**Q** 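Please find one structure pasted underneath; my questions will follow.
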Amino acid sequence: MPQTVYKLSQDTINQMKKHYAKFLTTPPQGAVFRAKTPEAVITAYKSGKVMFQGAAPDKASQKWVTEAVTSYKSVNHKRQPSAHGFAPDPTLFAKSHIGTDEAGTGDYFGPITVAGVYLNKQQIQQLQDIGVTDSKALTDAKIRQLASTIMKLQIPYSLLILHNEKYNQLQKKGWSQGKMKAMLHQHVIGNLVKKIGNVSLEGIVIDQFCEPAIYQRHIRSENLSLISNTYFLTKAESYSTPVAAGSIIARASFLKEMDSLSEQVGIELPKGASKKVDQTIAKIINANGESILHKLAKTHFANTKKARNYL
Ligand code: MN
């Protein structure tokens, strides 16, 4: 039986429960509700995970994923008027453009991955139809599946992985993480522009992680400059499908790298930078010594010191 899983907000889950009032059946343990419609069996859990199973699970899920993104957008609009002159015109989102996003920046273990995707008008529609949306609303399994679909569709993309050894070298040389990210995004854009050649390109949207002026200062210090029609926007993955696709590819690559590092060290490396991470660091130090961390982690994070509490 085909199934898809999404992470949705409590608000959306409450709306869904009302919407499916006629179709509610006994929920399994841990579930908020279960609805059985002619199209799908929908089960929402307290964690926010919602499972769509049955004959046409995507048909049922699309409405709610789109709804969640739309309500998010209207909130976002009110909260964040664009103060800088680099906000894209909303009409760009339906035109041929490049979008870039990164993963791994807040995670102690694992690399930083940055990906850029170019989509023309038809491809934007095509990827929306297969469920490419804000990767924060997607489970890891769905992210991996969508990333492999995007690659099979031969959509032009560029991916850069900044492995931990290099990251730690740059950090010791005085590079901020912001500068590393800016350089990665800019190289991804350069590679992708070269790759696509002379096709129509209406603009480039970078999922904004710092003020555009600071981004420019970073890349200028390494003799790069912005390509014309480059725009910056926070939460861009909920507006721009190429950014959403870039985010999915970056995230899938990060997950793959984490799998491989976990295998190398023989311990399942946790994501994020929580206490669980501190405890895992202590385990690794006890088994392998501290120097291996340079290959596995962003060692300047406070976690390295905090791990001493568990040694
Ligand atoms: Mn981002």
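In this text the structure is predicted, and so the values were computed from the model without any measurement. Both ligands and their constituent atoms are indexed starting at 1 by order of listing.
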**Q** Can you tell me if Lys276 has over 12 outside heavy atoms packed within less than 6.0 Å of its NZ?
**A** no
**Q** Which residue pairs pass the ring-ring contact (aromatic ring centres under 6.0 Å, His included) test when at least one of the two sits in residues 292-311, sequence neighbours left out?
**A** Tyr167-His300
**Q** Would a distance-only check, ignoring hydrogens and angles, find a side-chain to backbone donor-acceptor pair under 3.5 Å from Ser247 to Val243?
**A** no
**Q** Which residues and atoms, counting only protein N, O or S, are under 2.8 Å from the Mn ion (ligand 1)?
**A** Asp101 OD1, Asp207 OD2
**Q** Only one of Gln186, Gln208, Lys179 forms a side chain to side chain donor-acceptor pair (under 3.5 Å) with Tyr215, so which one is it?
**A** Gln186
**Q** Quick one: do Asp259 and Arg144 make a salt bridge, cutoff under 4.0 Å?
**A** yes
**Q** Would you call Lys271 and Asp140 a salt bridge, using N to O less than 4.0 angstrom?
**A** yes
